Amino acid sequence: MKRLLPITAAATAAALLLTGCGSGGDEKSDEKKDVTVGISQFVEHPSLDAAREGFVQALNDAGYKEGENLTLDVQNASGDQATATNIASNFASSKDDLILGIATPSAQSLAQAVTDKPVLFTAVTDPVDAGLVDSVEKPGGNVTGTTDMNPVADQIKLVKELKPSAKSVGIIYSSGETNSQIQVDEAKKAAESEGLKVVEKTVTTTAEVAQAAESFDTDAIYVPTDNKVVAGLEAVISAAESKKIPLIAGEGDSVERGALATQGLNYKDLGKQTGEMAVRILKDGAEPADMAVESQKDTKLIINVKAAKAMGVEIPQSLRDKADQVIE
């Protein structure tokens with residue numbers, strides 16, 4: 001027995017050494033632990049879907065792969081606030097490592113219900129006004145993310161560039177969305193400087209969009225990044241085509257669907273930017289309280305030529321020349 005003691009001691013030391021090496025390996029930054037991420041999306045439409053896709057892409061790019069070391073729990077409120085609240089309540093009691101809220105109503109529900117884990121948001125116009133953060137620079141709690149505040153004034157300018165004789169613009173939006181009211185207020189200021197009269201139509205559900213759009217007697221229509229209206233965008237496109245007036249949108253996905261033009265952001269890129277914030281939290285231990293709310297710096301001028309023809313609008317060559325994307 002006494003002969004075995006030195007050997008045992010040596011073996012123990014070797015084991016400790018190997019254990020130490022193993023621990024060092026676990027701390028390598030390129031090794032990813034298994035994570036679970038919850039996603040609450042307020043409603044399905046191409047812009048918000050693109051934001052979700054961009055978010056997941058950023059996780060994938062960082063080495064988090066669904067089915068390997070990433071579990072996603074994606075929930076959709078179908079545009080209903082009560083459902084968004086229930087989803088948030090369920091996520092609050094989950095063991096998710098991080099939760100994403102897509103669009104203001106879902107983000108607000110999560111911020112109220114979830115207090116003990118990181119919450120990110122995207123597609124939120126004014127996170128301070130929405131009560132999500134203390135300030136853009138210093139969120140101060142467990143919530144931060146990306147804003148989709150778009151260049152509303154530049155979008156309203158497109159009305160006069162596409163139809164110089166325009167005297168009025170109709171704006172359709174949801175009365176229950178804070179983000180929309182903020183954009184409408186900005187649009188009113190911009191319209192006044194452009195000599196345009198603003199006619200407002202509000203809706204409470206996507207089903208009301210068609211009637212509101214058809215009721216306009218204006219020289220153009222503007223749709224901000226409003227979730228309920230964008231979900232029913234085809235009805236607004238149809239109204240603009242029948243009235244032969246330009247339809248200006250708040251973002252690029254709506255132009256691809258048939259609106260005439262925008263000077264707007266790309267929601268997939270915005271979602272990816274949010275996903276990169278998630279990686280910093282999951283991988284590096286970053287704290288949402290200290291992570292400034294981010295915005296997309298570069299917007300793109302996108303024009304839909306086919307839509308212009310359908311709406312009886314001639315696109316000036318000068319506008320076409322400076323477009324970042326022309327959809328034929």
Side-chain angles (χ1 to χ4, degrees), residues 37-56 72-92 94 96 98-114 118-133 143-150 172-184 202-209 223-236 249-251 253-254 257 264-268 270-275 277-278 293 296:
V37 175
I39 299 177
S40 175
Q41 182 171 326
F42 186 58
V43 67
E44 283 191 341
H45 62 64
S47 299
L48 299 188
D49 294 346
R52 185 187 68 245
E53 291 164 6
F55 178 82
V56 175
L72 291 176
D73 183 2
V74 181
Q75 302 290 325
N76 194 289
S78 300
D80 182 70
Q81 184 61 64
T83 303
T85 301
N86 288 336
I87 291 171
S89 179
N90 291 333
F91 276 138
S94 73
D96 295 321
L98 180 145
I99 304 170
L100 171 70
I102 305 179
T104 302
S106 287
Q108 288 175 315
S109 295
L110 288 172
Q112 292 169 6
V114 182
V119 173
L120 288 177
F121 57 78
T122 191
V124 170
T125 301
D126 190 335
V128 177
D129 186 79
L132 298 174
V133 296
V143 183
T144 189
T146 59
T147 171
D148 66 351
M149 185 61 190
N150 56 79
I172 181 172
Y173 65 101
S174 169
S175 57
E177 290 196 36
T178 303
N179 61 304
S180 299
Q181 187 61 62
I182 291 167
Q183 293 174 79
V184 172
T202 60
V203 299
T204 57
T205 67
T206 297
E208 298 173 2
V209 171
V223 173
T225 56
D226 181 289
N227 294 299
K228 288 187 173 74
V229 178
V230 173
L233 186 68
E234 279 66 30
V236 189
E251 38 70 41
D253 291 308
S254 291
R257 288 167 68 185
L265 49 80
N266 182 292
Y267 273 85
K268 187 169 185 178
L270 189 70
K272 187 176 180 181
Q273 192 171 343
T274 318
M277 296 178 74
V293 174
Q296 194 171 114

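What you are looking at is a predicted structure, and each value in this text was computed from that prediction instead of being measured.
In this structure Asp96 satisfies the salt bridge (charged side-chain N to carboxylate O under 4.0 Å, His left out) test with no other residue, sequence neighbours excluded.
Taking both residues in full, the closest heavy atoms of Ile39 and Phe91 are given as N-CZ, 3.6 Å, listed atom of the first, atom of the second, then distance. In this structure, Ser180 and Asp226 approach most closely via the heavy-atom pair OG-OD2, 2.5 Å. A pairwise comparison of heavy atoms in Val43 and Ser78 identifies CG2-C, 4.2 Å as the closest pair. Residue Ile172 comes nearest to Pro224 through the heavy atom pair O-CD, 3.4 Å, listed as atom of the first residue, atom of the second, then distance. Between Gln296 and Gln273, the shortest heavy-atom contact is CA-OE1, 4.0 Å. Between Ala130 and Gln108, the shortest heavy-atom distance links the atoms O-NE2, 3.1 Å.
At a threshold of 4.5 Å between non-hydrogen side-chain atoms, the residues Leu48 and Glu44 do not count as touching. By the 4.5 Å heavy-atom criterion applied to side chains, Ile99 and Leu120 are not counted as neighbours. In this structure the side chain of Val230 never reaches within 4.5 angstrom of the side chain of Thr225, judged on heavy atoms.
Side-chain contact annotation: Thr274 with Thr146, donor-acceptor N/O pair under 3.5 Å present. Side chain to side chain, Glu251 and Ser47 meet the donor-acceptor criterion of an N or O pair below 3.5 Å.
Summarising the geometry, atom CG belonging to Asp126 is positioned 4.0 Å from atom CD1 belonging to Ile182; distances are rounded to the nearest 0.5 Å. The distance from the CG atom of Asp148 to the CD1 atom of Ile102 is 11.5 Å, given to the nearest 0.5 Å. Taken from OG1 in Thr125 to CD in Glu177, the straight-line distance is 8.5 Å, to the nearest 0.5 Å. In this structure, OH on Tyr173 lies 13.5 Å from NZ on Lys228, to the nearest 0.5 angstrom. Taking CG from Asn90 and CD from Gln75, the interatomic distance works out to 7.5 Å, rounded to the nearest 0.5 Å. In this structure, CZ in Phe55 is found 12.0 Å from CG in Leu270, a value given to the nearest 0.5 Å.
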Legend entry - Full working for side-chain hydrogen bond (donor to acceptor under 3.5 Å, both in side chains) between Glu208 and Thr202: CA-CA 9 Å; Glu208 298 173 2; Thr202 60; over 6 Å; no
Inset, instruction - Starting from the C-alpha separation in whole Å, work towards a yes-or-no answer on side-chain hydrogen bond (donor to acceptor under 3.5 Å, both in side chains) for Asn150 and Gln183. - result: CA-CA 8 Å; Asn150 56 79; Gln183 293 174 79; 2.9 Å; yes
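Remark: the backbone N or O of Thr85 is not paired with any side-chain donor or acceptor of Ser89 at under 3.5 angstrom. Without hydrogens or angle criteria, Thr83 side chain to Gly79 main chain gives no donor-acceptor distance under 3.5 Å.
Counting only residues at least two apart or in different chains, salt bridge (charged side-chain N to carboxylate O under 4.0 Å, His left out) contacts with residues 45-55 comprise Asp49-Arg52.
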